[in-house]
Amino acid sequence: MSLLQVRNLVKHFPVRGGVLNRIVGHVHAVNDVSFDVSKGETLGIVGESGCGKSTLGKMLIRLIEPTSGSIHYEGKDITSLSHSDLMPFRRTMQIIFQDPYSSLNPRLTVRSLLKEAIAFHGIVPRAEMDDYITELIRRVGLRRDAADKFPHEFSGGQRQRIGIARALVTKPEFIVADEPVSALDVSIQAQVLNLLMDLKDEFGLTLVFISHDLKVIQHFCDRVMVMYLGHAVETLPCLDLDEQVQHAYSKALLGANPIDDPDQRRPLTILQGDVPSPFHMPAGCPFTGRCPDVVDRCRAEMPPIIERGDGHRIACWVANEEAAQPAAPAKSIG
Amino acid sequence: MIQNANPQAEPILTVRNLTTRFRTDRGLVTAVDDVSFDIVAGETVGIVGESGCGKTVTSKSIMRLLPEHVTRIDPRSRIMFRGNNLATASEKTMREVRGDQIAMIFQEPMTSLNPVFQIGWQIEEALKYHTNLNRAQRRQRAIEMLRLVEIPNPERRVREYPHQLSGGMRQRVMIAIALCCEPDILIADEPTTALDVTIQAQILNLMEGLKRKLNTAIVLITHNLGVVAQVCDRVLVMYAGRVIESGTVHDIFHRPQHPYTQALLESIPKRGKREHGKRLPTIPGIVPSLHELPPGCRFAERCRYKQEKCVNEEPELLESGDGRSYRCFFPLTQAPVAPTVEGR
Ligand SMILES: Nc1ncnc2c1ncn2[C@@H]1O[C@H](COP(=O)(O)OP(=O)(O)OP(=O)(O)O)[C@@H](O)[C@H]1O
Ligand SMILES: Nc1ncnc2c1ncn2[C@@H]1O[C@H](COP(=O)(O)OP(=O)(O)OP(=O)(O)O)[C@@H](O)[C@H]1O
Ligand SMILES: [Mg+2]
Ligand SMILES: [Mg+2]
């Protein structure tokens, strides 16, 4: 059974304007997104800046209230739980924030920061607190003396580890990791990814891993969900992503990523056209304005999400039509 | 010294023994230590290395944009550009060089645009300073520049303010300003780090086009090794203020001589099934503090091939004769040495 079940999740942010500061419209940050995450699985979420990744991630752990839709965790509907009923989930579901600096209280040492959460959720008895913190700090690869330092005394990579320690302190089962390595250089990025892999093995963590680097997602995640303008346009396993990927936007993401080998230079995919504004959503598929394969139907109607088997789901009229026509010679059965 | 890709061509910029120190409350630190390189017109040189290794300080030393009261550029340093030594040139000379002949795209584009002026005005200011165009011509040129960096509706956009543009567009405006005087050299410090891959691809394409069209020399600073592989001709690898290796992009990626370069390349996630979900090789330890540099090789403490000599003596930057150089007693593709540290 899935640990997390997300159905038709929507988030519209009101936009205010004019002298009366009335609501003049809505930003469609997340539009009708559904997916499951199994226990122990790592689901990657990729997409360009502003496509709604962080908003989605924060809704999953109820830091942002959804406009509509539902979230089930271990079969229990947590979408509209009250503050007090949500408490146990505040312990089991955690987030590593996109910006490690602004998400840490600058006036608290690492120790006091961690103590707060331990005491609040009663993770370990008071007497064992210091040992627990020491062990956690060792586990995320920081030096012992890190406990008594303030956030500004750390480098970017070290701060990211503090963010990880803060998320792990409550012994969670599920973590949303929002761009945990994007600000880091490759050698530190490798350290943080290894750490997350170890923790997955050790504690059976389930992760939603947000990134705009498809290469990192491909390496690290089991499945990836590609988002465009608040929509989940394609979801598929990472293992043979290169061969299986079908949506024109997913292909563009792959084609725009430079390969780490000067002998394999190639013209990078350049998307023509502008990103539509999430303020004025187009009627049809959100990618029409930039899609090289666009047909008339794409402009008129939003494509439904079609299940292609093997966990591959795609919302694209062109791909759906190709799949519907048995173009390739049908395999003989038996 | 370090040769360029085309040894016949006269270098447009020659940097020799560049050493930049800062006065701090814990004493003097040498952030850039004896750095030398050349660059010829139409060439792209990449500078890579871990955060804090001196990439930005190197480029800001060339532009002389470091805070004067705490910065000391060693008098032995030479930054030869069109017959002038920029290390000691007057502020008046530097004003002519900056923007007009050498332009820089800064690491933080959001803070480099002025929020209270329309972007057209900001481009026109640069043109006013460096060209003889009249007002109408400047507006025309500003629109052309925005079109060149692929900003849609440039006629309308010139009248917009920075906050009305997306991050990628702001970055492209910065590039338009840097390029509007057709500089001989463009120094781009992490120009695509804040951007997603589709916009990054646009900007790399743009820089490539300029190089072809105007024969601009480009210094590209980035920690994205994919970008380096895609666009650079040569690469300098820096570590704790020093150049530890340099060579063509092919040599650096396929035949690294310095163990640090090798370790850096290994830590990139690889695509493909065999590597999926595997632990990544990492470099143990951390970069030494500039306040407590070791007597020997600066990388020795973290090096898997370290020998006793490495801990006690610092290697010189050696040239191997084929246009590359490295600072290592036991380079990787020379006489093989047994690793001194177990495994990876
Ligand atoms: N509190 C808010 N009020 C209004 N609009 C918001 C709010 N938070 C986010 N948005 C808008 O919702 C959209 C999605 O934002 P979100 O932060 O989820 O994007 P993202 O995919 O995480 O982008 P990035 O890769 O840059 O982090 C954007 O258009 C953003 O401007
Ligand atoms: N004004 C200053 N005073 C003192 N030290 C400084 C100053 N500016 C830079 N440094 C130090 O010089 C060293 C090199 O910094 P630099 O900004 O060149 O690093 P970088 O290679 O560009 O790193 P990054 O990849 O993080 O941008 C660092 O140790 C930094 O702390
Ligand atoms: Mg985000
Ligand atoms: Mg820098």
Side-chain angles (χ1 to χ4, degrees), chain A residues 42 46-51 143 155-158 182-194 197-198 200 212-222 238-242 249 252-275 290, chain B residues 48-53 150 152-153 166-168 193-202 204-205 208 222-233 235 248-254 260 263-273 275-284 286-287 302:
Chain A
T42 301
V46 69
E48 69 195 287
S49 180
C51 72
R143 284 161 49 158
S155 76
Q158 290 170 325
S182 304
L184 309 177
D185 57 57
V186 281
S187 49
I188 302 170
Q189 167 179 294
Q191 291 174 8
V192 172
L193 288 177
N194 283 351
M197 271 185 239
D198 292 348
K200 263 172 62 174
H212 60 241
D213 188 342
L214 198 48
K215 191 171 59 188
V216 170
I217 288 204
Q218 249 177 306
H219 183 88
F220 182 72
C221 300
D222 301 308
C238 286
L239 197 55
D240 43 10
L241 185 100
D242 287 343
Y249 178 62
L253 282 182
L254 275 177
N257 215 350
I259 297 176
D260 306 287
D261 180 353
D263 292 345
Q264 293 185 50
R265 283 189 189 177
R266 54 175 183 169
L268 299 176
T269 305
I270 306 289
L271 282 175
Q272 304 297 335
D274 255 342
V275 191
R290 305 168 86 189
Chain B
V48 301
E50 236 158 275
S51 183
C53 70
E150 289 172 48
N153 297 319
S166 75
T193 303
L195 309 174
D196 49 66
V197 284
T198 55
I199 297 169
Q200 168 172 286
Q202 280 179 23
L204 295 180
N205 244 31
E208 221 27 52
T222 177
H223 65 239
N224 187 328
L225 294 171
V227 170
V228 172
Q230 179 78 24
V231 304
C232 292
D233 301 305
V235 183
T248 65
V249 69
H250 298 276
D251 281 340
I252 295 289
F253 276 77
H254 294 303
Y260 174 65
L264 202 61
L265 290 166
E266 282 174 356
S267 52
I268 315 172
K270 306 284 179 298
R271 278 158 66 162
K273 289 180 192 167
E275 309 292 331
H276 180 85
K278 294 258 170 67
R279 284 179 65 87
L280 294 159
T282 57
I283 311 176
I286 53 168
V287 190
R302 308 172 73 188

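Proteins get letters first, then strands, A, B, ... in listed order; numbering begins at 1 in each.
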Asker: Applying salt bridge (Lys or Arg N to Asp or Glu O under 4.0 Å), name anything that partners A:Asp198, two or more places apart in sequence or on another chain.
Answerer: B:Arg279
Asker: Rounded to the nearest 0.5 Å, how far apart are OG1 of B:Thr198 and CG of A:Asn257?
Answerer: 10.5 Å
Asker: Could you tell me which portion of A:Asp240 (side chain, backbone, both or neither) has an atom closer than 4.5 angstrom to a non-hydrogen atom of chain B?
Answerer: both
Asker: Could you tell me which of B:Lys270, B:Gln200, B:Glu208, B:His223 has the largest number of non-hydrogen atom pairs under 4.5 Å with chain A?
Answerer: B:His223
Asker: Please enumerate all residues that pass ring-ring contact (aromatic ring centres under 6.0 Å, His included) together with B:Tyr260, with sequence neighbours excluded.
Answerer: B:Tyr239, B:Phe299
Asker: Can you tell me which portion of A:Leu253 sits under 4.5 Å from chain B's heavy atoms? Options are side chain, backbone, both or neither.
Answerer: both
Asker: Show the nearest heavy-atom pair for residues A:Arg266 and B:Gln230, with the distance to one decimal.
Answerer: O-NE2, 2.6 Å
Asker: Can you say whether A:Asp242 sits under 4.5 Å from chain B via the side chain, the backbone, both, or neither, judging by heavy atoms?
Answerer: side chain
Asker: Considering only heavy atoms, which portion of A:Ile270 lies under 4.5 Å from any heavy atom of chain B: side chain, backbone, both, or neither?
Answerer: side chain
Asker: With the side chain counted from C-beta on, respond yes when A:Lys215 and B:Ile268 share a heavy-atom pair under 4.5 Å apart, and no when they do not.
Answerer: yes
Asker: Let me know if A:Thr269 has heavy atoms under 4.5 Å from chain B in its side chain, its backbone, both or neither.
Answerer: backbone
Asker: Closest heavy-atom contact between A:Ser49 and B:Asp196?
Answerer: N-OD2, 2.7 Å
